[in-house]
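Counting starts at 1 for both ligands and their atoms, following the listed order.
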Amino acid sequence: MTSDPPAKLPRAPVAPALCANLPEEWTDLLASWGEPRYRALQVFRWIHKRGVMDPEQMSDLPKSLRARLAEAGLCPPLAVSQVLASQDGTHKLLLQLRDGRSIESVLIPRGSPASEGSYAAQPETGVEAGALPPVTQCISSQVGCAMACTFCASGIAGLKRNLDAGEIIAQVLLGRAQLEGQGRLAGVVLMGMGEPLHNYDAVARVLRLLSHPEGIGMSLRRVTLSTSGLVDGIDRLAKDFGGHVALAVSLHAADDATRSQIMPINKRHPLSELMAALRRYPVPPHRFLTIEYTLIRGINDSMRDAALLARTLRGLRVKVNLIPMNPVAGTALQAPDPATVDAFQEALIAHGLDVFVRRQRGDDIAAACGQLALLGEARKVKNPFAVVE
Ligand code: SF4
């Protein structure tokens with residue numbers, strides 16, 4: 001496993017991802033088939049408003065067009081193979097891709113212990129009385145991850161391949177369907193398997209799809225992207241989306257030696273570069289950057305680490321999420337004891353920082369990043385596509 005992303009990435013095997021077409025792309029494609037313009041929005045709405053990716057079910061389209069769409073490859077790019085409910089209210093979806101690989105996504109009800117932290121703290125406005133309870137969905141952007149963070153199941157597994165935009169947006173469509181009148185999809189966090197900025201083009205397309213008013217229609221303010229610190233990607237995101245996407249940064253250490261030890265990406269983009277990029281990121285008024293800090297016993301949990309962290313973050317509008325290390329198979333790293341977590345939090349608060357401790361979410365369902373998908377590969381779950389391939 002290398003510390004830097006490989007120059008050439010493995011390509012997603014399913015192309016083109018028609019369910020990731022934007023309306024104007026549908027217009028061009030359908031016009032080339034001799035279809036009227038209005039069909040483009042019809043198809044787009046079926047996919048993104050109603051979550052239907054199987055053309056056969058698009059009942060108000062002519063049969064000939066449904067057949068043509070199927071022939072062109074429009075189909076669900078992934079399927080739910082397992083749903084695990086945790087006692088803390090989170091639901092973890094194990095999703096199977098058409099090449100047999102597994103990824104995961106988590107539905108996190110607001111107000112559950114697992115929702116504490118930045119993305120749950122962004123205020124909601126304009127919500128009708130009696131609306132269904134809000135749920136945040138955590139989605140994956142890659143199969144595995146190239147960043148090789150030592151405390152992370154996906155990092156230990158390494159990068160298998162990028163997800164294409166269809167495979168990413170389909171997680172949201174299937175997650176929303178899972179809520180089935182019991183919850184309302186109120187936010188999306190790109191915090192599952194993978195480094196989203198390492199798969200920038202697909203992720204940027206997904207951001208456009210998520211926020212399209214004819215589709216899911218989610219404000220980008222409700223979307224949080226979590227990065228390990230790819231500086232060029234942070235700048236690109238700022239340029240393309242003007243700071244509207246909430247940014248969460250996995251910092252996990254405030255000195256280069258420790259950070260490089262647990263996050264090899266730090267050798268490529270040391271803290272000075274990363275912090276400069278965060279200072280450039282155009283955070284809108286009344287919003288904040290989220291700093292993720294996994295507390296690992298004996299590595300980054302001392303009072304000196306807390307003081308260094310406070311100094312590093314000085315002058316930035318941030319909230320800090322402290323995450324006691326989730327146990328991960330294949331590593332001996334452990335969480336500090338609760339008293340150390342409390343002392344670390346208090347030390348940061350004393351420096352004037354907003355600090356949450358994120359409870360270990362879904363311990364009973366292997367909810368740490370990448371663990372369920374890895375278990376799924378190990379268990380060789382039944383391929384839900386077997387009947388259609
Ligand atoms: S913590 Fe995030 S960036 Fe690091 S290896 Fe895991 S998925 Fe990749």
Side-chain angles (χ1 to χ4, degrees), residues 1-6 9-10 92 94-95 101-106 117-119 137-163 167-168 171 188-200 202-203 224-234 237 246-253 258-271 274 277-278 290-296 299-300 321-331 333 335 358 360-362 366-377:
M1 203 178 291
T2 59
S3 58
D4 285 348
L9 287 170
K92 188 135 189 167
L94 183 64
L95 302 159
R101 292 195 183 280
S102 295
I103 54 167
E104 61 195 34
S105 178
V106 187
S118 62
Y119 46 88
Q137 185 178 10
C138 175
I139 59 173
S140 296
S141 55
Q142 297 178 311
V143 185
C145 184
M147 300 299 129
C149 303
T150 54
F151 50 84
C152 168
S154 300
I156 291 166
L159 179 67
K160 307 299 182 213
R161 70 169 172 88
N162 273 338
L163 294 178
E167 292 166 324
I168 303 173
Q171 294 171 57
V188 167
V189 293
L190 284 136
M191 221 178 251
M193 294 175 89
E195 161 56 66
L197 296 180
H198 192 204
N199 187 12
Y200 187 88
V203 165
T224 301
L225 184 149
S226 175
T227 178
S228 59
L230 293 187
V231 166
D232 31 9
I234 293 172
L237 191 72
L247 193 63
V249 179
S250 297
L251 202 63
H252 307 314
T258 309
R259 194 161 191 271
S260 296
Q261 183 192 343
I262 57 176
M263 300 185 72
I265 188 64
N266 194 70
K267 292 175 194 157
R268 182 168 152 198
H269 296 299
L271 276 164
L274 173 57
L278 297 188
T290 299
I291 301 297
E292 306 276 353
Y293 193 101
T294 296
L295 281 165
I296 308 171
I299 303 281
N300 63 358
N321 272 347
L322 296 178
I323 310 151
M325 167 89 196
N326 254 331
V328 173
T331 148
L333 300 176
R358 194 195 296 163
Q360 294 183 349
R361 65 180 176 221
C369 157
Q371 285 190 56
L372 180 65
L374 294 175
L375 283 174
E377 297 227 329

For [X], take its heavy atoms, then give the atoms of ligand 1 lying under 4.0 Å from any of them.
X: Cys152; result: 1 (S), 5 (S), 6 (Fe), 7 (S)
X: Met147; result: 3 (S), 8 (Fe)
X: Gly155; result: 5 (S)

With a cutoff of 4.0 Å, is Gly194 in contact with ligand 1, counting heavy atoms of the residue only?
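In this structure, Gly194 qualifies as a contact of ligand 1 - some heavy atom is under 4.0 Å.
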Roughly how far, to the nearest 0.5 Å, is the [atom2] atom of [Y] from the [atom1] atom of [X]?
X: Ile168; Y: Asn162; atom1: CD1; atom2: CG; value: 8.0 Å
X: Ile296; Y: Ile262; atom1: CD1; atom2: CD1; value: 4.5 Å
X: Leu225; Y: Ile139; atom1: CG; atom2: CD1; value: 9.0 Å

Would you call Gln142 and Glu195 a side-chain contact if the rule is heavy atoms closer than 4.5 Å?
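A side-chain contact under 4.5 Å exists here.
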Flag the pair Val203 / Leu197 as yes when at least one side-chain heavy-atom distance between them is below 4.5 Å, and no otherwise.
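The answer is no, as the side chains (C-beta and beyond) never meet within the 4.5 Å cut-off.
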Assess Cys149: does it contribute an N, O or S atom lying under 2.8 Å from atom 6 (Fe) of ligand 1?
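Given the 2.8 Å cut-off, Cys149 does not count as a ligand of atom 6 (Fe) of ligand 1.
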